[in-house]
*Asks:* 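Sharing a structure below in structure tokens format, with a few things to ask.
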Amino acid sequence: MALNVGCTAPPGRARENRTGSWRVFLPRFDHEACSKCGMCQLICPEGCISETADREFVPDYDYCKGCGLCAEECPKHAITMVQEEK
Amino acid sequence: MAIDKGCELFDCGHRACGGCGASLAARLLLKAAGPETIVVSSTGCMEVFSTPYPETAWKVPWIHSLFENAAAVASGIEAALKIQGRKEKVVVIAGDGATFDIGMLCISGAFERGHDITYICYDNEAYMNTGIQRSGATPYDASTTTSPAGKVSTGNRRPKKDMPRILAAHGAPYVATASVAYPADFMQKVEKAINTPGPSYVQVHAPCCTGWGFDGSKTIAIGKLAIETGLWVNYEMVDGEVTKVKRVVRKPVEEYLQEQKRFRHLFKPVTLTAEIAKIQAIADANAARYGIDIKLPPRSGAEAA
Ligand SMILES: Cc1ncc(C[n+]2csc(CCOP(=O)(O)OP(=O)(O)O)c2C)c(N)n1
Ligand code: SF4
Ligand code: SF4
Ligand code: SF4
Ligand SMILES: [Mg+2]
């Protein structure tokens, strides 16, 4: 591979790596119990939780590693970790 | 610059362990710093998990230095931007090994020369990328692969090096400690550091589930316990003076230690009371030095401690 000045990569190309395949447990969101505090979105180490137009917090399962941090920190206990079905 | 909770400049697809505190630090850092930022990373977990070639999770200009010279690379970038009249901010994000140990010379030089850079150390308290070797940031009695607990040792023999004070002693106008367990506080400190002219330093506690031995869902809980026991103190120093400290109602250090495999030898097969007392003394000294204790009014019938 010809490399001129070091190696470069286009911004955000890591998206090609779908880390959702690592998941053993999956976070399930109870939108009724959710208070829309935004904590899960702020602390997800993958940055894969977003807020939809109708104000529902949803993870992107293509990237969610199932770490369980969101479920642990949700003040409303609105997120439960369930065994992944493969 | 207001903190934009929506923008993701550190993207999905990075290969950090699930629940990794360092990866959360990277995300929060860029949320606070914004798009007009140039990032320099030393060799270590974050560099490896965020940029396995040809992938990158970074959506701002990012450069990998060597393990030891991130501060020198940042100095050069800052000097070049300055001469071109450009306004981007230069931020280093480097591990504790890169910062406390091998990078010391370059950091000291950059701070002494007064470059307008922000140096952030994500402190996971060992050399994680190469298999959990101790660093100058490893706490007393933590078991690592180069300070293994066993028959002849109770783990790491030395206390954590006081890196923030070393940089404050260089005349750094802004030095702060933070934790990924308090994301808003960390982001505010990053913003402040970036907007302070001259070299500033932020050391962010980044619990590492793999190296410390706890479940990745507990990263924030562990970070909070470090602060609640007084083993990690969140503070700000402006021109060498401590100006802000997070105060707590302190818990005994056992509550933090017993949650992590790196301290398991302190409890099994027998409880090493004398060693735990030494760690409690470290927390007590931190509490006295920074005045972190919130004194609760005595409850009726409660025993005086
Ligand atoms: C000069 C040099 N020595 C050793 C190494 C091997 N090495 C790569 S990363 C690393 C440890 C990094 O530790 P730290 O800075 O704490 O980051 P972490 O991996 O813990 O996030 C070491 C020893 C290297 N790359 N270069
Ligand atoms: S942390 Fe819980 S309550 Fe808050 S937005 Fe997320 S799901 Fe809703
Ligand atoms: S389980 Fe972990 S990776 Fe998945 S959404 Fe929750 S915090 Fe993010
Ligand atoms: S070893 Fe620790 S610091 Fe490295 S990616 Fe895993 S959790 Fe993060
Ligand atoms: Mg480290």
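Lettering of chains follows the sequences in order, A, B, ..., and the numbering in each one begins at 1.
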*Asks:* Say whether, by atom type as modelled, one donor and one acceptor occur between the side chain of K59(B) and the main chain of P10(A) under 3.5 angstrom.
*Replies:* no

*Asks:* Where does R15(A) contact chain B at under 4.5 Å (heavy atoms): side chain, backbone, both or neither?
*Replies:* both

*Asks:* Is L42(A) close to M187(B) at the side-chain level, that is, under 4.5 Å between some pair of heavy atoms?
*Replies:* yes

*Asks:* Measuring from atom CD of E55(B) to atom CD of E16(A), what distance do you get when rounded to the nearest 0.5 angstrom?
*Replies:* 6.5 Å

*Asks:* Got a sec: does the CD of E32(A) have more than 12 other heavy atoms crowding it under 6.0 Å?
*Replies:* no

*Asks:* Among S50(A), C48(A), C44(A), C70(A), who wins on heavy-atom pairs under 4.5 Å with chain B?
*Replies:* C44(A)

*Asks:* What part of C20(B) gets within 4.5 angstrom of chain A, counting heavy atoms only: side chain, backbone, both, or neither?
*Replies:* backbone

*Asks:* Do other residues, nucleotides or ligands put more than 12 heavy atoms under 6.0 Å from the CD atom of E255(B)?
*Replies:* yes

*Asks:* Could you tell me which non-hydrogen atom of C67(A) sits nearest to which non-hydrogen atom of G18(B), and how far apart they are?
*Replies:* CB-C, 3.5 Å

*Asks:* Would a distance-only check, ignoring hydrogens and angles, find a side-chain to backbone donor-acceptor pair under 3.5 Å from H14(B) to P45(A)?
*Replies:* yes

*Asks:* Determine whether R15(B) and N17(A) make a side-chain contact, defined as any pair of heavy atoms from C-beta on separated by less than 4.5 Å.
*Replies:* yes

*Asks:* Using non-hydrogen atoms and a 4.5 Å limit, figure out which bit of E73(A) sits close to chain B: side chain, backbone, both or neither.
*Replies:* side chain

*Asks:* Select, from T51(B), L28(B), T56(B), L24(B), the one with the greatest count of heavy-atom pairs under 4.5 Å involving chain A.
*Replies:* T56(B)

*Asks:* Could you check if a side-chain atom of I43(A) sits within less than 4.5 angstrom of a side-chain atom of P183(B), using non-hydrogen atoms only?
*Replies:* yes

*Asks:* Please classify the contact between A16(B) and chain A as side chain, backbone, both or neither, with a heavy-atom cut-off of under 4.5 Å.
*Replies:* both

*Asks:* Do the non-hydrogen side-chain atoms of P54(B) and R13(A) ever get within less than 4.5 Å of each other?
*Replies:* yes

*Asks:* Out of curiosity, M81(A) CE to S217(B) OG, how far, rounded to the nearest 0.5 Å?
*Replies:* 8.0 Å

*Asks:* For the NZ atom on K36(A), are there more than 12 heavy atoms of other groups (residues, nucleotides or ligands in this structure) within a distance under 6.0 Å?
*Replies:* yes

*Asks:* If you compare all heavy atoms of Y63(A) against all heavy atoms of G13(B), which two are closest, and at what distance to 0.1 Å?
*Replies:* CD2-N, 3.7 Å

*Asks:* Report the distance from atom OG1 of T8(A) to atom CH2 of W62(B), rounding to the nearest 0.5 Å.
*Replies:* 12.0 Å

*Asks:* Is it true that atom CD1 of I83(B) has more than 12 heavy atoms of other residues, nucleotides or ligands lying nearer than 6.0 Å?
*Replies:* no

